[in-house]
Q: 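Below you will find the structure I want to go over with you.
The figures here come from the full heavy-atom set of this structure, side chains too, leaving out hydrogens, waters and symmetry mates.
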Number of protein chains: 2
Amino acid sequence: MVTIKQVAEKANVSTATVSRVINGNYPVSEKVKNKVMKTIKELGYRPNSIARSLKCNKTYMVGMVVPDISNNYFMDIARGVESVISPLGYSLIFCSTDENTDKELRLLNALNDKRVDYVLLASSTQEDHKLQKFIDQGMNIIMIDTSLENLQTDSVVEDNYNATYKLISYVIDQGHKRIGAVNGLLSVSTAKERYNGFCKALEDHDIPLEQSYIVNGAYNRRKTYEEVKFMIQRNINKLPTVLFAANNDMAEGAMIALKEMNLKIPDDISLVSFGDINLAELIEPRLTIISQNAVLIGEKAGELMLKKVSGNSEHDITKVTIPSEIIIRNSVKSI
Amino acid sequence: MVTIKQVAEKANVSTATVSRVINGNYPVSEKVKNKVMKTIKELGYRPNSIARSLKCNKTYMVGMVVPDISNNYFMDIARGVESVISPLGYSLIFCSTDENTDKELRLLNALNDKRVDYVLLASSTQEDHKLQKFIDQGMNIIMIDTSLENLQTDSVVEDNYNATYKLISYVIDQGHKRIGAVNGLLSVSTAKERYNGFCKALEDHDIPLEQSYIVNGAYNRRKTYEEVKFMIQRNINKLPTVLFAANNDMAEGAMIALKEMNLKIPDDISLVSFGDINLAELIEPRLTIISQNAVLIGEKAGELMLKKVSGNSEHDITKVTIPSEIIIRNSVKSI
DNA sequence: ATGAAAGCGCTAACAA
DNA sequence: TTGTTAGCGCTTTCAT
């Protein structure tokens, strides 16, 4: 690889001058500039970002840490982030924790060692004090999707509680009284908030919460598939009339389980979901859902990051909440 | 951030000694080692990978460049790669070219500047000489999914030609004579090879190739959706009896288009695909497909990279071809 | 077994 | 406008 020194020698100037023409941040005479640029072309010189990073304390890399790399929702967020940061020269390092606190901490350490400029974190740990350590060390973190109450940091999240409350209220309005839920890990803020909204809606409408209808900790498709089958078998004599899936993956798992058990949606059992499933256009019935805008979350997070690194509003902590709306389709039976 | 120098001072040793205990590559007395490790803990010191990279010419970063970040197929490859390289300390930088040659070249340049140790490239350009430049500059490239004939580089690809040939032969055996195809960009090797297998199967069975049934360049879901609708309208008086979609995304687009036009699969028109669609478990009818193993491709690519960086077989060029098999389900009508 | 010092490729303060 | 030089944080050679 050709270095700035080789360019300087060949062009008979100092490395400083070469640096100046590359960065255009100090005056250089036209004549010298042309000579240097010509030499750069000839030699095919490209500046070494590693050296630059070391010198300038800036890597133009941002880490994105999510619980599940195969969930489309997080991929969409990543696309949103990418679309706003990539034009400014930033690259994304994408990591998956598999909902594992240890792995999350390890990844955060690795990103810290790599001196990424920012990390966008969809955390699935509740150990805020451990995350606080990273922040104290000077790591820049924006929480996405999830948030941790006691953590002094920026975040871009959805209005989980209110959206779920509205969705479940709608379900109750349709006459449902036996209402089940498939929750993620309740240690994760999104899952917790959604479940809280769920419970509050039941409470406000005097609907009893039937513990046997609640599935906990089935955060991915396969686990949900299995757990929902258990739950249905367990309650085969008195099934819930409707199920609330707390995210897209779980809705998919639940649908597959119900289909396999020959329970038709919504005739035999209704289903609603927080977030839309894949390829919803092709799947019958169309699910009634809370629509998420994952790409938008990514864009907001990207913009927030850019604002922070540019030095504006450096120290105030910002919390962006993306509103969610209910999309009523045809997976809920009127009773 | 605390540096090695601060550790050295506090522990009353030289930076060299600290370096030695961190890396464990030179003898250090037990006593000194303990003292240093204790200091490292106390100070919360973490080595700066940027500085390391600069010194050692090794970044432990690998770039992955794909045409479409929202296609699950590439995400699965990424997961495969990640699973084998991450345990050895490598991180993935994930980039999407949107099938745009310029953007591809720009990303490659950026990754080159970042001095990534390797790049895994699913290229959608045919400008092999431009890619050759990167290789000549010393960039390490493994082609994944796609390959370029004239390029001296390792690759991990599928057996596109033969698999498609077999699938189309099966379709013909079912009595089909009016056979359409939805191709990606024929400039991309995978698309080209699949289409060649398609044509050869027709030829060998004396089936005429009806140009009007061929859709070209609709590489993503939305474009395919639109183009297939055009194609159907164009041929409304004499529809093809079967369609071959050259990848999962296009199969999805085609399915949505057909559904919207009230053409039932397989009663009104049959459909086969190279690669499986999302959430196939929930979508009727189950598609007859060539099954791909994207995760395996990723794993193979990751392993190949690891082998190369470890210095084994450094100079021979390896071509791994993953076999594909046909999965017959029920989207093809027997005529 | 340990320390001193050079150097990876670059930028920026200082001098000229 | 340009050059000299120090230094970013680390590894490693060469002495000791």
Q: Separation of A/Leu43 atom CG from C/dG9 atom C1', in whole Å?
A: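 The answer, rounded to whole Å, is 15 Å.
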Q: Indicate whether the side chain of A/Asp117 and that of A/Thr59 have a donor and an acceptor atom separated by less than 3.5 Å.
A: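 On atom types as modelled, these side chains qualify, holding a pair under 3.5 Å.
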Q: Can you confirm if the NZ or CZ of A/Lys130 lies within 45° of the ring axis of A/Phe134 and under 6.0 Å from the centre of its six-membered ring?
A: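 So A/Lys130 doesn't make the cation-pi contact.
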Q: Using atom NZ of A/Lys55 as one end and atom P of D/dC8 as the other, report the distance to the nearest whole Å.
A: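 Whole-Å distance recorded here is 7 Å.
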Q: With DNA chain D as reference, determine whether A/Glu30 or B/Ser19 sits nearer its 5' end, using the nearest nucleotide of each.
A: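 Per heavy-atom nearest nucleotide, the more 5' residue is A/Glu30.
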Q: B/Arg52 CZ to D/dC10 P: how many Å, rounded?
A: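 In whole Å, D/dC10 P and B/Arg52 CZ are 8 Å from each other.
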Q: Can you tell me the distance, in whole Å, between the CD1 atom of A/Ile22 and the C1' atom of C/dA12?
A: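 After rounding, the gap between these two atoms is 14 Å.
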Q: State whether B/Tyr26 places a side-chain N or O below 4.0 Å from either non-bridging phosphate oxygen (OP1 or OP2) of D/dT13.
A: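 For D/dT13, OP1/OP2 do have a side-chain N/O of B/Tyr26 under 4.0 Å.
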Q: Any carboxylate oxygen within less than 4.0 angstrom of a Lys/Arg side-chain nitrogen, looking at A/Glu42 and A/Lys38?
A: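 Answer for the salt bridge query: yes.
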Q: When the distance from CG of B/Asn23 to P of D/dT11 is rounded to whole Å, what number comes out?
A: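 After rounding, the gap between these two atoms is 5 Å.
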Q: Expressed as a whole number of angstroms, how long is the span from B/Ile4:CD1 to C/dC8:P?
A: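 In whole Å, C/dC8 P and B/Ile4 CD1 are 18 Å from each other.
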Q: Between B/Glu82 and B/Arg79, does any side-chain N to carboxylate O distance fall below 4.0 Å?
A: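 Salt bridge: no.
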